[in-house]
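The model shown is predicted, which means the values in this text are computed figures rather than measured ones. Position 1 is the first residue of the sequence, and the numbers go up from there.
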Amino acid sequence: MNLGVRWTLHGDGRTPAPGAVVRPDERLSWPRTAGLGAQHVVAMFGASFVAPVLMGLDPNLAIMMSGVATMVFLLATRGRVPSYLGCSLSFVGVAAAIRASGGDSATVTGAILVVGLALLLAGLAVRYFGARIIHAAMPPVVTGAVVMLIGFNLAPVTASVYWPQDQWTALLVMLFTGLAVVGLRGFWSRIAIFLGLVFGYGISWFFDLVLGRIHSPVGGAEAVDHWRLDLSAVAEADWIGLPSFHGPSFEWSAILVALPVVIALIAENAGHVKAVGEMVGDPLDDKLGTAIAADGAASVLSTAVGGPPNTTYSENIGVMAATRVYSTAAYWAAACFALLFGLCPKFGAVVAAIPGGVLGGITVILYGMIGLLGAQIWINAGVDLRNPLNLVPAAAGIIIGVGGVSLKITDSFELGGIALGTLVVITGYHALRAFAPAHMKQQEPLLDSGTSSYDEEEAAPKA
């Protein structure tokens, strides 16, 4: 059985020839492959260890399970889809919503485990029926709206939890990170979030040294005097040890909040598989279902032991584009490095010590970027928001999701926020489409400021 773990040496094993690429089934020399693997780990660090902190989960376990998830993904796709699976940011809002309603880490991971199962089943369905079922059930107007409301639903977390802890540090970190994203080039721009965190650490230490303690709320609680950067837990942490494992617990209310994220994960995987296929010159449509199913299986495995969910990382796709090295051997090296990092509790303590103000500056950009990915889906697919069929369900669902609108079903059960917003977008779109006139089902401008086909039909004399 071909598991995609055999590679032929590319050229002299040093650098790709001019205009050539290192294909997934090729590799450079092992020292260079290990170096590329380390680079992939650095590229995924920015988001992959911020996400578990924002979700209230163990960052050491997150990094370790990202390595395991990557191995599962590479084996499932037989080494044809070079990708790294890191902690998914799509669930940060879900975790915040579950904790706000009284859930703990076990409730969070239990809800996400069910989403992983749903993603696994969706991948198997795509393998059997083909990618057309995705487009039929979740056209771009739906996926874009759901991704957007998931991202923007996080805004209150930044505004009420992180930013108030140290507003000036948050502002400086936001400005620095924005400049890093725009002003840096190549690999450095792809780790701008990581650089923003390092900058935030430095600024917090400097402010503590010069200004002393700050009087501010911590984690949404009452305002108290505290150090911005508290490294006491780092000194006490061991260099080698196992991360903190825990089992999941399952609550229907939490599961319903989390399930809509499966739409975002399907969209992410489809986009990444298409991008990788174009870069390596190997159409990977036949591997789309397998990739989605592998992502779901990896997330189930991770959340079953208390880790966060995983998804394919665009940061690592960017590294491949910059280096022209698409070897899956480099991803195996990255996965091994991640396993080693996961066995270092001191590393996890450093991550957990990220000051709240620093997270405030980072999340202002990060959460907004997640939401605007939905707009990017619309743009790439040419979604026409002048068409009422697209505009109405998307507008209603986004406002419900972002504003936290709720619908009380019984005394003990209500739908709200992300779950209700997603339900409105999906059911609203398909229900309205069933009743919409034929001209609205076509991709034509219908609500522009000038004359349109919609206006012409309304203005036409009636027989």
**Study point:** Spacing of CZ belonging to Phe199 relative to CG belonging to Leu175, to within rounding of 0.5 Å
**Key:** 8.5 Å

Check your understanding: Counting only heavy atoms not in Leu211, do more than 12 sit closer than 6.0 Å to its CG atom?
Key -> yes

**Study point:** side-chain contact (heavy atoms from CB on, under 4.5 Å) between Trp168 and Ile214, worked out
**Key:** CA-CA 11 Å; Trp168 296 112; Ile214 186 174; over 6 Å; no

Exercise for review: Locate the shortest heavy-atom distance separating Gly37 from Ala334; write the atom from each residue and the value.
Suggested key: O-CB, 3.3 Å

Point to revise | Verdict with reasoning, Val358 to Ser204, per side-chain contact (heavy atoms from CB on, under 4.5 Å) | key: CA-CA 8 Å; Val358 177; Ser204 298; 3.6 Å; yes

Check your understanding: Of all residues at least two apart in sequence or in a different chain, which pass the side-chain hydrogen bond (donor to acceptor under 3.5 Å, both in side chains) check with Ser29?
Key -> Arg32

Study note, to complete from the structure: Heavy-atom nearest pair, Met71 first then Cys336, reads CE-SG, 4.0 Å

Practice item. Go through Thr177 and Leu195 one step at a time and tell me if the side-chain contact (heavy atoms from CB on, under 4.5 Å) criterion holds. Key: CA-CA 7 Å; Thr177 305; Leu195 297 177; over 6 Å; no

Review point. Nearest 0.5 Å, what's the CD1-CE distance between Ile365 and Met174?
Key: 6.5 Å

**Study point:** Side-chain heavy atoms of Leu343 within contact of Leu339, under 4.5 Å
**Key:** no

**Study point:** Thr311 side, atom OG1; Ile266 side, atom CD1 - distance, nearest 0.5 Å
**Key:** 11.0 Å

Exercise for review: Verify the neighbour count for atom CH2 of Trp227: are there more than 12 heavy atoms of other residues, nucleotides or ligands below 6.0 Å?
Suggested key: yes

**Study point:** Pairwise side-chain contact, Ser83 with Phe73, heavy-atom cut-off 4.5 Å (strictly under)
**Key:** yes

Check your understanding: Do the non-hydrogen side-chain atoms of Trp163 and Leu359 ever get within less than 4.5 Å of each other?
Key -> no

Review point. Looking only at heavy atoms, what is the nearest atom pair of Val425 and Ala145, with distance?
Key: CG1-CB, 3.9 Å

Practice item. Would you name the heavy atoms of Gly421 and Leu149 that are closest together and state the gap between them? Key: C-CD2, 3.9 Å

Exercise for review: Grab the two heavy atoms, one from Ser302 and one from Asn310, that are nearest each other, plus how far apart they are.
Suggested key: CB-ND2, 3.6 Å

**Study point:** Sub-4.5 Å side-chain heavy-atom contact between Leu75 and Trp332
**Key:** yes

Point to revise | Main-chain N/O of Ser249 paired with Thr107 side-chain donor or acceptor, under 3.5 Å | key: no

Exercise for review: Answer whether the closest heavy-atom distance between the side chains of Ile362 and Leu197 falls below 4.5 Å.
Suggested key: yes

Practice item. With rounding to the nearest 0.5 Å, note down the distance linking CG in Leu229 to OG1 in Thr169. Key: 10.0 Å

Exercise for review: Please report the shortest heavy-atom distance between Leu74 and Tyr331, naming the atom on each side.
Suggested key: CD1-CB, 3.8 Å

Exercise for review: Keeping to residues at least two apart or across chains, list the salt bridge (charged side-chain N to carboxylate O under 4.0 Å, His left out) pairs with something in residues 163-178.
Suggested key: Asp166-Arg228

Practice item. Given side-chain hydrogen bond (donor to acceptor under 3.5 Å, both in side chains), test Trp7 with Thr328 step by step and report yes or no. Key: CA-CA 9 Å; Trp7 304 273; Thr328 54; 2.8 Å; yes

Review point. How about Tyr201 and Ile354: do any of their side-chain heavy atoms sit closer than 4.5 Å?
Key: yes

Pairs of donor and acceptor atoms involving the side chains of residues 49-64, under 3.5 Å and at least two apart or interchain, shall be tabulated with distances.
unit_1, atom_1, unit_2, atom_2, d
Asp58, OD1, Asn60, N, 3.0
Asp58, OD2, Ser244, N, 2.7
Asn60, OD1, Gly348, N, 2.7
Asn60, ND2, Gly342, O, 3.2
Asn60, ND2, Cys344, O, 2.6

Review point. Got Arg213 and Asp208 here, is their nearest side-chain heavy-atom distance under 4.5 Å?
Key: no

Practice item. Would you check if the side chain of Asp238 reaches a backbone N or O of Gly241 as a donor-acceptor pair within less than 3.5 Å? Key: no

Practice item. Could you please spell out the steps behind the side-chain contact (heavy atoms from CB on, under 4.5 Å) verdict for Ser327 and Glu26? Key: CA-CA 6 Å; Ser327 172; Glu26 298 178 325; 5.7 Å; no

Review point. Are Ser66 and Tyr84 linked by a side-chain donor-acceptor pair shorter than 3.5 Å?
Key: yes

Review point. Donor-acceptor pair, Ser299 side chain versus Gly296 backbone, under 3.5 Å?
Key: no

Practice item. Answer yes or no: are there more than 12 heavy-atom neighbours, outside Phe245 itself, under 6.0 Å from its atom CZ? Key: yes

Check your understanding: Taking atom OG1 of Thr303 and atom NE2 of His246, what is their separation to the nearest 0.5 Å?
Key -> 9.0 Å

Check your understanding: Is there a donor-acceptor pair closer than 3.5 Å between any side-chain N or O of Thr109 and the backbone N or O of Ala106?
Key -> yes

Review point. With distance as the sole test, does Lys346 use its side chain to make a donor-acceptor pair with the main-chain N or O of Trp239 at under 3.5 Å?
Key: no

Practice item. Kindly compute the distance separating CG (Leu265) from OG1 (Thr312), expressed to the nearest 0.5 Å. Key: 9.0 Å

Review point. Would you call Val108 and Arg99 a side-chain contact if the rule is heavy atoms closer than 4.5 Å?
Key: yes

